[in-house]
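Just so you know, ligand 1 is whichever comes first in the structure, and atom 1 is the first atom listed for that ligand.
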Amino acid sequence: MRTDRRSVLKLGAGLLLSHWVRAQRASWPEPPVLRAQEGRLLLELPAAPTRLKVAGREALLWTYGGSFPGPTLRVRPGDEVRLTLVNRLPEATNLHWHGLPIPPKVDDPFREIPKGEAWTYAFTVPKELAGTFWYHPHLHGKVAPQLFAGLAGALVVESPLDRLPELQEAEEHLLVLKDLALENGQPAPHTPMDWVNGKEGDLVLVNGALRPTLQAQKATLRLRLLNAANARYFRLRLEDHPLYLIAADGGFLEEPYELEELLLAPGERAEVLVRFRKEGAFRLLLLPYERGVHAMPMAHGMHGMAPADQEEPLLTLVAPQNPKPLPLPLRLARLPRLEKPQATWRLVFGEDMMAGRFFINGQAFDPKRVDLRGQQGQLILLEVENGGDMDHPFHLHTHPFQVLSLGGKPFPHRAWKDTVNLKAKEVARLLVPLGLPGRTVFHCHIVEHEDRGMMGVLEVG
Ligand code: C2O
Ligand code: CU
Ligand code: CU
């Protein structure tokens, strides 16, 4: 296919700077949005070291398209995407389309794009797909440092359901949740303990900003949340208000599900409605979460361990005057009941803390080995057991699944997921309809664990 040069969006500093300046002025930061035009999104996206201001400090991050987080791609089912990743990093990289059921030949985690080279990802957004997805590097062994350095962006697939009056009239925002630590104006390097626990940063950012404030114009908000952190869990509660979960990783639920708290493990997404019941400023609080990290006492305290701290504000929502929220949508998507799996597969996560190695079924990742083999159209009951002492979020590419049970309890709602968190010793039972053929991967989405072996290969014929 020839690329029409004139219609390719080139992300030079200019375009993004203008977006950025506008976002700063509005005080609520949101990544620039790149929308498909007439069914096509043609885009040249550089990955490059970029000087930015983060939380009031000068920083040299690695970005997509010059912004942190990267630009939000907005498409519709059936749109054609043609994105050329231009690697201006000092090392090899690649791109993964997290959550999209597209051919593994395109979304290929085994591909390597050397420095100075470019690669074009071309695919059609699947019909029937809608939701909040994301893109990030996936070069084995390099994912953790590259993601921590800033390489991540959201991809929103719009849905006909977005036009339900209860959703269309809501005010929509994206919240990319991502932490960062800076050292000498650069992303702090990984310590040996970071490679065991997964790296967390002291700057807990929303769309790259520290504790931003959103002045709502409307009384109902639709928030798309993405945990794009390496290892930090976001356990969230909104002051004085419940959250109404309407969508999980892979799209809409069947109906809204009321939550007092929302937990997002690395890689997970959620869409929630906020319905202001009074005027005022309400903080979205980050609550402590115990994920079983290993502490190593050091001269200056417990280094590498998230302190078992108290709740802290992540952002503030300011309600409009005299708010009158929209009614809740009664019905959202219709999801298929998956029944009678044809095979049962079992995966067990394992840790060797001392060696800093991680395993699935006792083996570290080997790109040349196929760990699971199936046929397109098969329904698999996949049992994933966390045999370790830390939480591990299980993630599967290409084949969205439904969670049957987690930790012995039936999952509270039907949803398409691609990432599910397992606490220590928990078992998740997943129903996976095998989709597009090809070779793909499953792994822990604490990306340090993925880089250090907690990944396997699935081949569907
Ligand atoms: Cu978001 Cu294989 O990962
Ligand atoms: Cu993925
Ligand atoms: Cu893990």
S.K.: Any N/O/S of His443 under 2.8 Å from atom 2 (Cu) of ligand 1?
M.R.: yes
S.K.: Taking 2.8 Å as the limit, list every protein N, O or S atom around the Cu ion (ligand 3), by chain and residue number.
M.R.: His392 ND1, Cys444 SG, His449 ND1
S.K.: Answer yes or no: is there an ion pair linking Arg224 with Glu172, defined by an N-O contact shorter than 4.0 Å?
M.R.: yes
S.K.: Hey, what's the angle at atom 1 (Cu) of ligand 1 spanning NE2 (His445) and NE2 (His136), nearest 10 degrees?
M.R.: 110°
S.K.: Could you tell me whether the side chains of His392 and Glu351 share a donor-acceptor contact shorter than 3.5 Å?
M.R.: yes
S.K.: Is the distance from atom 2 (Cu) of ligand 1 to the nearest N/O/S atom of His138 under 2.8 Å?
M.R.: yes
S.K.: Could you check, using the six-membered ring where one of them is a Trp, whether Trp134 and His445 have ring centers closer than 6.0 angstrom?
M.R.: yes
S.K.: For the residue pair Trp119 / Glu117, report whether a side-chain donor-acceptor contact shorter than 3.5 Å exists.
M.R.: no
S.K.: When you compare the side chains of His140 and His443, does any donor N or O come within less than 3.5 Å of an acceptor on the partner?
M.R.: no
S.K.: Under 3.5 Å, is there a donor-acceptor pair linking the side chains of Glu383 and Thr344?
M.R.: no
S.K.: Measure from atom 2 (Cu) of ligand 1 to each N, O or S atom of His397 and report whether any distance is below 2.8 Å.
M.R.: yes
S.K.: Under 4.0 Å between a Lys/Arg side-chain N and an Asp/Glu carboxylate O for Asp418 and Arg269?
M.R.: yes
S.K.: Could you go through residues 333-342 and list every donor-acceptor pair under 3.5 Å that involves a side-chain atom there, pairing it with any protein atom two or more places apart or in another chain?
M.R.:
from, atom 1, to, atom 2, distance (Å)
Arg337, NH1, Glu254, OE2, 2.9
Arg337, NH1, Leu335, O, 2.9
Gln342, OE1, Leu379, N, 2.6

S.K.: Could you check which N/O/S atom of His98 is closest to atom 1 (Cu) of ligand 1?
M.R.: ND1
